[in-house]
Amino acid sequence: MARGSPGSRKQDHPHPSALADEQPCGSPRKEREPQALDCADEANQQVCADFGITGFPTLKFFRAFSKKAEDGIRISNPSATVRDLRHSIITHLEQSHDAWPPACPPLEPASADEVHSFFQRNSVKYLAMVFEKSDSFVGREVTLDMLQYENIAVRRVLSSEEELVKKFGVTSFPSTYLLLRNGSFSRLPVHMEARSFYTYYLRMLPGVTRGSYKLNVTSSASNVTTTALLKHADRSKVYMADLESALHYSLRVEVTRTRVLSGAALSALKCYVALLAKYFPGRPFVQTYLQALDDWLRNWTEPELPRDVLKEAMKNKADDPHPAMLPTNVTWVGCQGSEPHFRGYPCSLWTLFHLLTLQAFQSGPDKELPLEVLSTMRCYVRNFFGCQECAQHFEAMAAESMDKVLGRQEAVFWLWSHHNEVNARLAGSDTEDPKFPKLQWPPPDMCPLCHKEESGVHVWDEPAVLRFLEGHFSPGNIDLGYTEPDTELLARERAAADMRLSTNRPAERDGETERDKEEEDKEEEDEEEEKPPEEGAEGEGGAPERPGSSELRRPSIVRLNGKAREAQDDIVDLDSFSEQHFKSKALRAAGRRRRLSKRDTLHGGRLCIVLYLLSSMCLLGMYTFFRLRMRSRKGRPGFPMA
Ligand code: FAD
C-alpha cells in the first residue's frame with residue numbers, strides 16, 4: 001500500500017524482481033508486518049515510480065509468483081473502509097485460480113463429502129467449520145487468520161449445505177463448530193459471533209501452535225519435564241511473587257550494574273524508588289523497606305553514588321523493631337515461562353508499571369502529575385532496563401506520544417495500548433513463549449465486554465477496558481501464592497543476620513569456662529573505664545573515622561517506622577556500628593594479652609621463692625652438721641690413724 005500520511009516511513013520494500021521470492025499467502029515463517037510505503041518521502045521516489053504510484057492511497061494486489069511491477073492489480077475505491085479493502089483483497093485472492101499459492105488453504109465453501117472424509121486426508125487435530133451465509137466473509141477471514149497455525153484447519157460451510165446444517169444442529173449464521181478426529185463436535189462458546197472471537201478461541205486450543213514454534217521444540221521429553229514443573233498460576237490474578245521479584249531484580253541487579261551512579265541515572269533511581277514508596281501496595285515490611293530506601297536516597301546529596309554504598313543501603317534490616325525487608329529470591333508465578341528463557345523479568349516489569357499507573361489513577365486528581373508513573377518508567381527503561389533493543393523501541397514510542405498524555409486515566413490507557421502494540425509486534429517472534437502467545441490483551445475470555453465489532457472491525461470498549469484494568473491491577477487481586485510467609489521470612493533473615501555477626505566474632509578460647517570469660521570481660525570493662533580515650537580514635541559519634549571514608553559515609557537505613565524519617569536518633573549508622581564493634585574486639589585482645597603476661601610473672605615469682613627457701617634450708621642443715629662434728633673431736637682421744 002502506498003500512502004502519504006505523516007506516520008508512514010521509509011520501508012525496505014521489495015523490488016518488483018523480488019516479489020516471486022516472497023512466501024505467498026502467509027508463511028510458516030514469521031508473519032510479515034503490513035507493508036506501507038510512504039510515497040511522499042523523497043527517499044521512496046524511485047520505488048514508487050517503479051510501481052506506478054501517482055497518488056495515494058493506492059492499493060496494489062500482487063498474485064503469488066508475480067515478477068514485475070506491472071503485475072500489480074490496482075484496487076481502487078477511494079471511499080472504501082478497511083473492511084471493504086479486506087474483502088476486496090480476499091476476492092482478488094479467490095480469483096487467482098491459475099496461481100493459487102501452495103501454502104494457501106482453500107477458501108471456497110466445504111461440501112458434506114469433504115467434511116466427512118476430512119480426517120482421512122488430513123493429519124490435523126481439529127476442523128473448525130464456520131457456518132455462514134454466502135455473502136459473509138467471516139469464514140474466509142478466520143481461515144486466513146489461522147493460516148500460520150498448525151494442528152487446525154478452518155473451512156466455511158454455507159447455510160445452504162443442508163446435510164451438514166442438520167447434522168450439526170446449526171440454527172444461526174454465522175456460528176462455528178469444532179470437529180475432532182474422534183467425531184465429537186461442539187459449538188464455539190464465544191461472547192460474540194465474530195471473526196476476532198473465533199480467531200482468539202481457536203488459537204488458544206490445546207495443541208494449536210504457530211508453525212515456527214516447531215523450531216523451538218527440542219524433544220518431547222523436555223516438554224514433559226518443563227510442563228510438569230510449571231507452577232499453577234491463575235492468569236486472572238496478579239502475583240506478589242512476580243512483583244517482589246521484579247523489585248528485587250530491578251533494584252539489586254539492574255540498577256547496581258554500573259560502578260557509580262550519577263546524573264540522569266541517579267535521578268532515575270531516585271524517581272523510581274520514590275514512586276514505589278508512594279504507590280507499591282506491598283507487604284508491610286516491603287513498604288517499610290521502600291520508604292526507608294526512598295528516605296536514604298533523598299538524603300543522598302552527593303553527585304555520585306557508588307554501587308557498594310547503595311548495595312549496603314539496600315540490604316534487609318530484619319533485626320529492627322520495624323523490619324525493612326525485600327525478599328531476595330526470584331520466583332516467577334504469573335510470569336513463569338514454559339522454558340527458563342521465556343517471560344520472567346520483562347513480564348513482571350510490565351505488570352509492575354501497569355499496577356503503578358492504576359494505583360496513581362485511583363489515588364489522586366486526574367490532572368495532577370499525569371506523567372508521574374509513565375515518565376518514571378521511561379527513565380527507568382532508558383537508564384537501567386537490560387534489554388537495550390526493548391529500551392530503544394520503548395523510547396521511540398514514548399517520544400512519539402507520551403508527552404500528549406494529560407491525565408492519570410490517559411496514562412493508564414497509554415501504557416495498556418502501547419503494551420498491546422508491543423504484543424502485536426512480537427507475536428510470532430522468537431521471544432514469544434509458545435505456551436503464552438502474545439495477544440491483544442485482555443483477550444475475550446478474560447474480558448468479553450472489552451471487545452466489540454463495528455462494521456466488521458474489532459474495536460475496544462474503552463470504559464469496559466478501564467473497569468477491567470482497575471479490577472485486575474487492584475491490590476485485592478494480588479495473590480500471595482508462592483511468596484514466603486512473613487514470619488518465616490523474618491526468622492530466616494534474622495538467622496542469616498545472626499550468622500553474619502557470629503562469623504565476625506573472635507574464635508572461642510579453649511579451656512575457658514563461661515564464668516572465666518565473664519570475669520575477664522568485667523575486668524576489661526573496668527580497665528576500659530579507667531583508661532583515657534585513645535588519641536584520635538573516636539569522633540563525635542564515638543566511632544573512629546576510616547581514612548578517606550568521611551566523604552562517602554551516610555547513615556544506613558535500619559529501624560524505620562513512619563516517624564523515623566524525621567528522627568535522626570532512630571537511624572543507626574552501620575559504619576559507626578562496625579567501627580565500634582571492631583574497636584571493642586581489638587581492645588579485648590589487648591586486655592587478654594596483658595592478663596596473660598601478669599599471670600606468667602606471678603607463677604615465675606612463686607617458683608623462685610620456693611627454690612630460695614629450699615636452698616636456704618639446705619645450707620642451714622650443712623652448717624649445723626659440721627659444727628657438731630668439730631665439737632665432738634675436741635672433747636675425746638682420737639683413733640689410731642693408718
Ligand atoms: P508480557 O507482554 O510481558 O506481559 C506481561 C503480563 O502483562 C501478561 O502476562 C498479561 O497478564 C499482562 N498484559 C499483557 N498485555 C497487556 C496490556 N496491553 N496491558 C496490560 N497488561 C497486559 N521484547 C522484545 O523482544 N522486543 C522489544 O522491543 C521489547 N520491548 C519491551 C519494552 C518494555 C518496556 C518491556 C518491559 C518489555 C519489552 N519486551 C520486548 C519484552 C516483552 O514485551 C515481554 O515482556 C516478554 O516477551 C514476556 O512476554 P509475556 O508473554 O510474559 O507477556
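Atom set for the values below is all heavy atoms of this structure, side chains included, hydrogens, waters and symmetry mates excluded. If you're wondering where the values come from, they're calculated on a predicted model, not measured in any experiment. Whatever order the structure lists ligands and atoms in, that order sets their numbers, starting from 1.
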Among all the protein's non-hydrogen atoms, which is closest to [atom], and how far away is it?
atom: atom 17 (C) of ligand 1; answer: His419 ND1, 3.4 Å
atom: atom 37 (C) of ligand 1; answer: Trp350 NE1, 3.2 Å
atom: atom 46 (C) of ligand 1; answer: Lys438 NZ, 3.6 Å
atom: atom 10 (C) of ligand 1; answer: Trp441 NE1, 3.4 Å
atom: atom 26 (N) of ligand 1; answer: Leu426 CD2, 3.5 Å
atom: atom 5 (C) of ligand 1; answer: Cys347 SG, 3.4 Å

For [X], counting its heavy atoms only, list the atoms of ligand 1 lying under 4.0 Å from any of them.
X: Pro346; value: 36 (C), 41 (C), 45 (O)
X: Phe385; value: 33 (C), 35 (C), 36 (C), 37 (C)
X: Asn423; value: 2 (O), 14 (C), 15 (N)
X: Phe394; value: 34 (C)
X: Thr431; value: 25 (O)
X: Val422; value: 43 (O)
X: His393; value: 27 (C), 28 (O)

With sequence neighbours excluded, what pairs up with Glu254 under the salt bridge (charged side-chain N to carboxylate O under 4.0 Å, His left out) test? none

Counting only heavy atoms, tell me which of [options] gets closest to [atom].
atom: atom 19 (N) of ligand 1; options: Tyr380, Trp332, Trp416; result: Trp416
atom: atom 39 (N) of ligand 1; options: Cys390, Ala398, Ala391; result: Cys390
atom: atom 8 (C) of ligand 1; options: Met377, Arg343, Gln440; result: Arg343

Using a strict cut-off of less than 4.0 Å between a Lys/Arg side-chain nitrogen and an Asp/Glu carboxylate oxygen, indicate whether [X] and [Y] qualify as a salt bridge.
X: Glu150; Y: Lys125; result: no
X: Glu410; Y: Lys404; result: no
X: Glu432; Y: Lys438; result: no

Give me the one residue out of Phe353, Phe473, Trp460 that meets ring pair (Phe, Tyr, Trp, His ring centres under 6.0 Å) with Trp416.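 With Trp416 as partner, Phe353, Phe473, Trp460 yield a single ring pair (Phe, Tyr, Trp, His ring centres under 6.0 Å), made by Trp460.
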
Under 6.0 Å between ring centres: does that hold for Trp332 and Tyr249? no

Establish, yes or no, whether a centroid distance under 6.0 Å links the rings of His451 and His191.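 That pair fails the under 6.0 Å test.
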
What is the minimum heavy-atom distance between Ala241 and Tyr482, and which atoms define it? CB-O, 4.2 Å

Using a 3.5 Å cut-off and no angle test, enumerate the donor-acceptor pairs between side-chain atoms of residues 361-371 and protein atoms at least two apart in sequence or in another chain.
unit_1, atom_1, unit_2, atom_2, d
Gln362, NE2, Glu470, OE2, 3.2
Ser363, OG, Gln359, O, 2.7
Asp366, OD1, Arg408, N, 2.9
Asp366, OD1, Gln409, N, 2.8

With under 30° as parallel and over 60° as perpendicular, where do the rings of Phe394 and Trp350 fit, or are they tilted in between? perpendicular

Establish, from distance only, whether the side-chain atoms of Arg140 and His87 form a donor-acceptor pair under 3.5 Å.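 Checked: Arg140/His87 side chains show no N/O donor-acceptor pair below 3.5 Å.
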
With a 4.0 Å heavy-atom cut-off (strictly under), which part of Arg425 contacts ligand 1: side chain, backbone, both or neither?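 Under 4.0 Å from ligand 1, Arg425 contributes side-chain atoms alone.
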
4.0 Å heavy-atom contact, Asn420 with ligand 1: yes

Under a heavy-atom criterion of less than 4.0 Å, does Phe473 contact ligand 1? yes

Heavy atoms of other groups near Arg259 CZ, more than 12 under 6.0 Å: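 Atom CZ in Arg259 is not crowded, with 12 or fewer foreign heavy atoms closer than 6.0 Å.
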
